[in-house]
Amino acid sequence: MLTQAIKGVKDVLPEDSVKWRHLEGVVRKLFSDYGFSEIRTPIIEHTILFARSIGATSDIVEKEMYAFKDQGGDEITLRPEGTAGVVRAYVEHKLFASRSVTKVYYMGPMFRRERPQAGRLRQFHQIGVEALGVSEPGIDVDILAALVELFSRLKVQGVELHINSLGCRDCRAAYKIALKNFLTGKIDSLCPDCQRRVETNPLRALDCKSEHCEAATADAPMMLEYLDSDCRAHFESVKQGLDDLGIRYVINPRMVRGLDYYTRTTFEMIAVDKKGAQNAVAAGGRYDSLVEEIGGPPTPGIGFAIGVERLLLMLPEAGDSAPLPKVYIAAIGGEAARFGQKLADALRKCGISAERDYSPGGLRNQMKKADRSGAAYTVIIGEDEMTKGAAILRDMKTREQSEVKLDEMVEEIKKRVAAFSTDANNEHGTRFL
RNA sequence: GUGAGUGUAGCACAAUGGUGGUGCACCAGAUUGUGGAUCUGGGCGUUGUGGGUUCGAGUCCCAUCACUCACCCCA
């Protein structure tokens, strides 16, 4: 169908884009407060980058990537997540050489070819941060604090921070074997999905919602019990840091992250009212081996990504959102219309948003449109005014109007708008609530 | 990839197998130069699409497409 968007992608219409910009504004300020700078990496990368970083056998790489061969025969993929590209840029531009820590954030579209449903799209957007070069748990705490503060600034209620530690490569390997043995012993009481998972992704069985599996894994070995002393100390420090900042969290030893590169600290921001389905609105963790794995120097890293569409679903409703023109110009007759055009142009060049009716119509009609546009003032120009050389300036709220000479109109409006714009309107003439 | 549900006007919804309506929105007029209220008038909609059953299908059947929800997976 010519007039139909691709499955799983969405238009952000003018009514909605206000919400997006509000979110982006809050996010940019916050990340700046926490010392992150923006990075913009390409939407396409070499396919191999994602295969290496996310894990070749992960669902994302195996069946969800938009991967194609371009005209020159290169294997290209539309990014399914943001970390890989950032890490690639970090290594490619040798950012590790000039500073000890690199703290960046990004926001933009990601692509995964899944079956769409609530909070899950094929083109979706993530806002994420990455901090590279620091292995100390203090950075984990900073990152978590930023995440929690973001939800607080956005006034989003009903979320819980869940944290876990997956250990490092060494202690997780030992744990995986122990868990696999345990699950193999219970194989008959697991759901078909989990029977498969024992081989492919045993950790996932701990996260299964099936009652049988919950019961069967009730006394399964937990990763936290298998942490080596360094990983355990790291996790303890993170918890201590969160406590010091008064950040509430839930230790969730069964929490599993989907991407292969996570180590040690992992976390999710969970919407408590949605049990099960797409309740993770933000998630992240440490990835201390990733930089090295894709060919950079051994460098620890940690980051998170927020699902923008999921977060938007939780945002409290903003009130008035359409941009409000400050001045509406109602002109009757050809000569007046020409003056109206010039007046609008002059106002706009002064940074005063002006709107007018493009089609001829009676004054009543134009007043109606002026009213609906939400304009604070309306300039009324007709035959009489043109001959008199003075038009009517009407305050739409008080309904008071006065005669203003045509050549003084711009100055008069500037004067009034200056007083008006100090309150609820921001620099774009857009009102948020 | 698996399963279920839903497709009727711009939007939200009606219509025992028998001429497809209502509300909101929109446009015009009442008010030939003054806005939010009120009143009056204004819609030939390929009933998602294609087949089938029937004298007759928005309604029943099949297929297909789209959307939605859940599983899987994940932000």
Side-chain angles (χ1 to χ4, degrees), chain A residues 1 3-10 15 54-55 58-65 79-83 107-128 147 191-194 196-197 200-201 204 207-210 255-259 267-271 274-285 303-314 328 330-333 336 357 359 361-386 391-401:
Chain A
M1 219 20 181
T3 55
Q4 192 156 60
I6 290 167
K7 184 198 276 286
V9 311
K10 281 254 190 302
E15 306 90 276
I54 299 170
S58 67
D59 273 29
I60 292 178
V61 172
E62 275 190 338
K63 45 198 188 196
E64 295 175 0
M65 292 205 306
R79 61 181 186 195
E81 59 100 44
T83 303
M107 35 215 284
M110 307 293 164
F111 304 85
R112 259 123 92 158
R113 196 183 180 289
E114 301 181 87
R115 194 80 167 263
Q117 72 185 71
R120 202 176 72 182
L121 297 165
R122 289 185 173 182
Q123 175 178 336
F124 60 104
H125 296 75
Q126 287 189 337
I127 294 172
L147 181 59
C191 73
D193 277 330
C194 286
R196 177 175 53 79
R197 282 167 178 150
T200 59
N201 191 354
R204 196 94 234 167
D207 206 27
C208 185
K209 289 144 205 152
S210 144
M255 188 180 74
V256 181
R257 306 272 49 260
L259 282 51
F267 51 90
E268 285 183 358
M269 202 54 117
I270 291 177
K274 302 184 179 168
K275 35 183 191 290
Q278 270 73 54
N279 62 353
V281 59
F304 65 71
I306 303 165
V308 174
E309 284 85 354
R310 290 184 186 178
L311 178 56
L312 250 15
L313 289 175
M314 305 186 69
Y328 196 95
I332 305 109
D357 196 348
S359 56
L363 180 57
R364 176 190 156 71
N365 230 315
Q366 298 200 34
M367 288 306 294
K368 220 178 215 172
K369 287 179 185 169
D371 180 44
R372 271 176 215 167
S373 79
Y377 298 98
T378 299
V379 177
I380 299 166
I381 323 156
E383 303 290 322
D384 301 350
E385 286 74 20
M386 289 309 288
I392 297 165
L393 179 58
R394 180 180 175 88
D395 185 317
M396 296 300 278
K397 203 158 205 169
T398 65
R399 297 175 173 236
E400 285 165 28
Q401 46 186 52

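In what follows, chains carry the letters A, B, and so on, assigned in the order in which the sequence lines appear, proteins first and then strands, with residues in each chain numbered from 1.
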Touch class at under 4.0 angstrom, heavy-atom based, for [X] against every strand present:
| X | value |
| --- | --- |
| A:A283 | sugar-phosphate |
| A:M269 | nothing |
| A:G284 | nothing |
| A:I127 | nothing |
| A:I381 | nothing |
| A:E385 | base |

Using a 3.5 Å limit for the pairing distances, which stems of at least 3 consecutive Watson-Crick or G-U wobble pairs does RNA chain B take part in?
B:1-7 with B:65-71, B:10-13 with B:21-24, B:26-30 with B:38-42, B:48-52 with B:60-64
5'-most by nearest nucleotide on RNA chain B - A:R399 or A:E64:
A:R399
Residue closer to the 5' end of RNA chain B, A:I380 versus A:E81 (nearest nucleotide):
A:I380
Test item: [X] and [Y] side chains (from C-beta on) under 4.5 Å apart, heavy atoms:
| X | Y | value |
| --- | --- | --- |
| A:E383 | A:I332 | no |
| A:Q123 | A:M110 | no |
| A:R122 | A:K7 | yes |
| A:I60 | A:E81 | no |
| A:R79 | A:M65 | no |
| A:I381 | A:M386 | yes |
| A:K63 | A:D59 | yes |
| A:E309 | A:H125 | yes |

Please state how far atom [atom1] in [X] lies from atom [atom2] in [N], giving the value in whole angstrom units.
| X | N | atom1 | atom2 | answer |
| --- | --- | --- | --- | --- |
| A:M367 | B:U34 | CE | C1' | 5 Å |
| A:I54 | B:C73 | CD1 | C1' | 13 Å |
| A:R372 | B:C27 | CZ | C1' | 10 Å |
| A:Y328 | B:G35 | OH | P | 14 Å |
| A:E400 | B:G35 | CD | C1' | 16 Å |
| A:R120 | B:C67 | CZ | P | 14 Å |
| A:K10 | B:A66 | NZ | P | 13 Å |
| A:E114 | B:C69 | CD | P | 14 Å |

Walk along nucleotides 3-12 of chain B from 5' to 3' and tag each nucleotide B, S or - by protein heavy-atom contact under 4.0 Å, base first, then sugar-phosphate.
B---------
Can A:R399 and A:D395 be counted as an ion pair, charged N to O under 4.0 angstrom?
no
Work out how far the [atom1] atom of [N] is from that of [M], and round it to whole angstrom.
| N | M | atom1 | answer |
| --- | --- | --- | --- |
| B:C67 | B:A12 | P | 16 Å |
| B:G52 | B:G45 | P | 23 Å |
| B:C61 | B:G29 | C1' | 50 Å |
| B:G7 | B:A14 | C1' | 15 Å |
| B:C60 | B:G56 | C1' | 13 Å |
| B:A57 | B:U49 | P | 15 Å |
| B:G42 | B:G48 | C1' | 27 Å |
| B:U6 | B:G58 | C1' | 14 Å |

Is any side-chain N or O of [X] under 3.5 Å from a base N or O of [N], one able to act as donor and the other as acceptor?
| X | N | result |
| --- | --- | --- |
| A:R364 | B:U34 | no |
| A:R113 | B:C73 | no |
| A:R394 | B:G35 | yes |

OP1 or OP2 of [N] less than 4.0 angstrom from a side-chain nitrogen or oxygen of [X], does that happen here?
| X | N | result |
| --- | --- | --- |
| A:Q117 | B:A70 | yes |
| A:Q401 | B:U34 | no |
| A:K369 | B:G35 | no |
| A:K368 | B:G29 | no |

Between [options], which one does the side chain of [X] approach most closely?
| X | options | result |
| --- | --- | --- |
| A:D384 | B:A66, B:G33, B:A75 | B:G33 |
| A:D59 | B:C67, B:C72, B:C69 | B:C72 |
| A:I392 | B:G36, B:U34, B:A66 | B:U34 |
| A:R204 | B:A66, B:A75, B:C73 | B:C73 |

Those residues that, when tested against A:E64, pass salt bridge (charged side-chain N to carboxylate O under 4.0 Å, His left out) (two or more places apart)
none
Taking it one step at a time, do A:E114 and A:R120 satisfy salt bridge (charged side-chain N to carboxylate O under 4.0 Å, His left out)?
CA-CA 8 Å; A:E114 301 181 87; A:R120 202 176 72 182; 3.7 Å; yes
When rounded to the nearest 0.5 angstrom, what is the spacing between CD in A:Q366 and OH in A:Y328?
6.0 Å
Closest heavy-atom pair and its distance - A:F111, A:F124
N-CE2, 4.2 Å
